[in-house]
Amino acid sequence: MTRRTRMWVLVIGGAGLAVLLALACFRLPDFGGASHPYGERAVRAALARHTANVVSSVNFDQRAFDTMGEESILFVAVLGTVVLLRQTRDERQHQPEPAPVLPPVRRYALIALPVTLLTGLYVVAHGQLSPGGGFQGGVVAATALHLLYIAVDYPALERIRPTDVFKVGDAAGEGAYLVLGIAGVLWGTSFLADFLPRGTFNMLASGGTVPLLNAAVGMEVACAVVVLLAGFLDQALEIEEADEK
């Protein structure tokens with residue numbers, strides 16, 4: 001296929017997509033209007049299932065299948081990164097030289113590390129009750145570990161970041177989501193159905209399967225971000241061509 005043909009395919013496809021988007025926009029309710037049919041249905045469904053955070057109810061109950069796709073995209077992206085950035089035969093690994101760290105940076109980064117980690121875990125654990133959840137909390141928790149790189153050096157981060165363990169955690173989080181989905185089928189309902197007892201509204205143990213799916217996503221996202229950053233940091237700091245001095 002020539003370059004000109006590819007451009008025509010792109011233009012025609014883009015024009016078709018633009019028409020579909022325009023037609024969809026014309027059917028939207030008026031901005032600022034009083035009619036919010038989808039929002040009202042989502043709120044009613046969340047309250048009926050004892051999930052205080054409507055967003056989490058949408059993500060992990062009403063459209064849990066879509067969330068599985070989003071989680072899987074991250075999982076596959078990290079898997080591809082690990083494969084592409086793996087050390088090859090013409091590369092060697094070397095220990096990076098420690099860089100000087102200003103005392104204020106070291107002090108406040110070490111103070112912020114446990115606070116940030118605890119905040120990330122809190123956001124994951126309370127995702128069915130308050131704003132946040134597995135995606136947001138997982139990123140915060142993974143970021144917390146990398147404050148040690150800022151505060152000390154890269155070898156210090158490596159000592160608390162065994163990538164093999166986090167790779168297993170990444171796969172376990174993805175697998176746990178699928179297992180919970182299959183459990184709904186075995187329970188006699190449907191894939192990723194909320195089949196567990198709903199609990200007391202606005203309490204930590206509420207929402208049925210929502211907190212479990214949320215925790216699975218939090219685990220997968222946190223481990224995936226750690227593995228992803230490990231691949232890029234290793235390439236930038238430790239991997240070099242074998243013939244380089």
Side-chain angles (χ1 to χ4, degrees), residues 55-56 59 67 70-88 90-127 129-174 176-177 214-242 244-245:
V55 175
S56 288
N59 287 339
T67 301
E70 296 169 5
E71 180 190 32
S72 300
I73 289 173
L74 177 60
F75 178 77
V76 173
V78 173
L79 178 62
T81 301
V82 170
V83 173
L84 291 174
L85 296 183
R86 70 189 186 279
Q87 186 175 346
T88 59
D90 59 345
E91 293 177 336
R92 66 181 180 89
Q93 190 171 8
H94 73 98
Q95 193 70 18
E97 295 293 333
V101 180
L102 295 176
V105 175
R106 180 188 299 271
R107 182 186 311 117
Y108 292 114
L110 291 177
I111 293 174
L113 193 156
V115 176
T116 307
L117 181 60
L118 184 61
T119 300
L121 296 177
Y122 177 90
V123 171
V124 173
H126 291 76
L129 304 179
S130 56
F135 285 101
Q136 299 89 335
V139 173
V140 173
T143 303
L145 298 181
H146 291 81
L147 289 173
L148 193 61
Y149 170 43
I150 297 174
V152 187
D153 54 22
Y154 192 56
L157 171 62
E158 289 183 306
R159 285 193 291 270
I160 68 165
R161 189 212 59 190
T163 53
D164 289 340
V165 174
F166 283 96
K167 289 175 183 177
V168 172
D170 184 17
E174 176 75 10
Y177 201 100
N214 182 59
V217 168
M219 180 178 182
E220 195 275 331
V221 170
C223 294
V225 172
V226 170
V227 174
L228 187 67
L229 292 177
F232 285 107
L233 286 172
D234 285 347
Q235 280 289 326
L237 300 174
E238 292 190 341
I239 304 299
E240 63 181 18
E241 296 293 337
E244 291 183 3
K245 300 297 183 181

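Values below: every heavy atom of this structure, side chains too, minus hydrogens, waters and symmetry copies.
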Worksheet item: Are any non-hydrogen side-chain atoms of Glu70 and Val217 less than 4.5 angstrom apart?
Response: no
* So, do His146 and Val226 sit near enough that their side-chain heavy atoms are less than 4.5 Å apart? -> yes
What one should report as the nearest heavy-atom pair of Glu174 and Ser72 is OE2-OG, 2.7 Å
Between Phe75 and Ala171, the two heavy atoms sitting closest are CE1-CA, 3.8 Å
Q | Side chain Thr67, main chain Asn59, donor-acceptor under 3.5 Å | A | yes
In short, Leu74 meets Glu220 closest at the heavy-atom pair CD2-OE1, 3.7 Å
Determine whether Val101 and Val152 make a side-chain contact, defined as any pair of heavy atoms from C-beta on separated by less than 4.5 Å. no
Of all heavy-atom pairs linking Ser56 and Gly132, the shortest is OG-O, 3.9 Å
d(Leu147 CG, Ile111 CD1) to nearest 0.5 Å is 11.5 Å
Are the side chains of Leu229 and Tyr149 in contact, using a 4.5 Å heavy-atom criterion? no
Please confirm whether the backbone N or O of Val124 pairs with a side-chain atom of Asn214, one donor and one acceptor, at under 3.5 Å? yes
CD of Gln235 to CG of Leu85, rounded to nearest 0.5 Å, is 5.0 Å
The single option from Leu79, Val78, Thr163 that satisfies side chain to side chain contact (heavy atoms under 4.5 Å, CB included) with Asp170 is Val78
Heavy-atom nearest pair, Ala230 first then Tyr154, reads O-OH, 3.9 Å
Original post:
So, do Asp153 and Leu148 sit near enough that their side-chain heavy atoms are less than 4.5 Å apart?
Top reply: no
Between Ala151 and Ala109 the two heavy atoms that sit nearest each other are CB-CB, 3.5 Å
Practice task
Report yes if the side chains of Val140 and Thr116 come closer than 4.5 Å at any heavy-atom pair, otherwise no.
Solution key: yes
Ignoring hydrogens and angles, tell me if any N or O in the side chain of Gln136 forms a donor-acceptor pair with the backbone of Val123 under 3.5 Å.
no
CG (Leu117) and CG (Leu121) are apart, to the nearest 0.5 Å, by 4.5 Å
